[in-house]
Amino acid sequence: MTHVAPARQSTQGTAQVETITVGKYAPFKGVALTIVNLALFFLLWELIARAELINALFFPRASEMFSAMYLGFADGTILPEIWHSLSNFLIGLAISIVIGIPVGLLMGASRVADLILSPYVWAMASLPRVALIPLLILIMGFDNSMQLTIIVLSAVFPIMVNCMAGVKTVDPSLLRAGRVFGTSRVQTYSKIIFPFTLPFVISGVNQGIARGLVGMLIGELLGGGGSGLGFLLDRAGDQFDAPMLYAVLILLAVMSVGLIQSMRWLEQRAAPWRDTQRM
């Protein structure tokens, strides 16, 4: 809770001093709210499952799901698959960022590059990734390179499109002001265009994370060669192991939320002017 002390009149002038004191428990408010929210969610899940409103074959108890998750970590079933999926995903996302951001900025700044590359970028951005799996398997087989390729193809184009849109929406008055002050082309990009475009870049990376996770699962489900969380999810479904299936889904949700929160933290460090105070 924030307390604002009343303004005080200085004895030597007209200056007013306002003292702001932030409660020492304020930083933990969001964490506590998240914990309570999740606890209520899993409690409601447990009560609905125990009431057998839904067939237990399709909707197990939350306690059974956590038990399956614990046993999966204990016997070494889950951890290697998490490492396989996460390492592949992070490598694919890094490649997508290295390719997507420069190409997107170039397309936004150069009309010639936009005219040449736009048809291919928009075509690939709108093409369902699952349609590429047979071709990628035919070319690369079932090894790890196929999974990395589908992750990159899923994540790189949202990053490109957002970066391109960010450059195209730069305020022209900022560019005119830069020219008045004699900025070079490099300074214009580094001091004006890129800071203005940074929110679009972060948004593109967030979309790339979401699309890349979908591509990762598609690659592991349809051509994973027996590795990854997608393979574990497919095997649990084939065996009608609902607790393990839900456990893998929860782990995927945790992975996704963790990556998105990491990007939000990075945005606060890279663009602190966008961090607004919340009540």
Side-chain angles (χ1 to χ4, degrees), residues 88-133 135-136 139-140 145-216 218-219 256 259-260 262-274:
N88 268 358
F89 177 77
L90 292 178
I91 293 172
L93 182 64
I95 295 172
S96 301
I97 290 173
V98 169
I99 296 174
I101 292 178
V103 174
L105 294 177
L106 176 63
M107 291 174 62
S110 171
R111 181 172 177 79
V112 174
D114 188 17
L115 290 174
I116 294 173
L117 297 177
S118 281
Y120 306 103
V121 170
W122 286 109
M124 291 300 297
S126 58
L127 183 68
R129 298 296 166 262
V130 67
L132 297 174
I133 292 294
L135 178 62
L136 293 177
I139 297 173
M140 302 179 180
S145 60
M146 187 278 293
Q147 295 182 35
L148 280 174
T149 302
I150 195 66
I151 292 171
V152 172
L153 291 176
S154 299
V156 69
F157 296 106
I159 298 174
M160 283 185 190
V161 170
N162 276 269
C163 292
M164 176 180 63
V167 175
K168 289 183 176 181
T169 55
V170 173
D171 190 347
S173 63
L174 296 176
L175 299 176
R176 288 195 295 269
R179 285 194 292 268
V180 168
F181 285 100
T183 57
S184 64
R185 182 178 292 270
V186 174
Q187 290 174 327
T188 299
Y189 272 92
S190 61
K191 302 296 184 181
I192 299 175
I193 295 178
F194 188 72
F196 189 93
T197 311
L198 187 58
F200 292 85
V201 175
I202 299 295
S203 177
V205 174
N206 284 335
Q207 292 183 32
I209 289 172
R211 298 283 186 88
L213 284 172
V214 173
M216 180 194 78
I218 290 174
S256 176
L259 290 167
I260 295 296
S262 298
M263 290 306 304
R264 291 181 62 183
W265 177 86
L266 182 62
E267 181 181 13
Q268 290 174 357
R269 297 300 181 274
W273 60 85
R274 289 177 50 83

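These values consider heavy atoms only, across backbone and side chains, with no hydrogens, waters or symmetry-generated copies.
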#### Entry: Gap separating the CD1 atom of Ile159 from the CG atom of Asn162, nearest 0.5 angstrom
8.5 Å
### Message
Could you check whether any side-chain heavy atom of Ile133 comes within less than 4.5 Å of a side-chain heavy atom of Met146, counting everything from C-beta outward?
### Response
yes
### Query
If you round to the nearest 0.5 Å, how far is CE of Met263 from OG of Ser203?
10.0 Å
### Query
Quick one: CG on Leu90 to CE on Met216, what's the gap to the nearest 0.5 Å?
10.0 Å
### Query
To the nearest 0.5 Å, what is the distance between CG (Leu153) and CD1 (Ile218)?
11.0 Å
### Message
side chain to side chain contact (heavy atoms under 4.5 Å, CB included) for Arg129 and Val214? Distances and angles first, verdict last.
### Response
CA-CA 9 Å; Arg129 298 296 166 262; Val214 173; over 6 Å; no
### Message
Determine whether a donor-acceptor pair (N or O, by modelled atom type, separation under 3.5 Å) exists between the side chain of Ser110 and the backbone of Leu106.
### Response
no
### Query
Roughly how far apart are Ile101 CD1 and Met164 CE, rounded to 0.5 Å?
14.5 Å
### Residue that, paired with Ser118, satisfies side-chain contact (heavy atoms from CB on, under 4.5 Å) out of Val121, Leu115, Asp114, Ile116
Asp114
### Non-hydrogen atoms of Pro102 and Ile97 that approach each other most closely
CD-O, 3.8 Å
### Task
Kindly determine whether Met107 and Val161 satisfy side chain to side chain contact (heavy atoms under 4.5 Å, CB included), including the steps that lead there.
CA-CA 9 Å; Met107 291 174 62; Val161 170; over 6 Å; no
### Message
Nearest 0.5 angstrom please: Ile150 CD1 to Asn88 CG, how far?
### Response
12.5 Å
### Query
Where is the tightest heavy-atom contact between Pro158 and Ala155, given as atom of each residue plus distance?
CD-O, 3.3 Å
### Message
Please give me the minimum heavy-atom distance between Leu213 and Ser256, naming the atom from each residue.
### Response
CD1-CB, 3.5 Å
### Message
How close do Gly212 and Phe89 get, counting heavy atoms only, and between which atoms?
### Response
C-CE1, 3.4 Å
## Note on the structure
Residues Ser96 and Ile151: closest non-hydrogen pair is OG-O, 4.3 Å
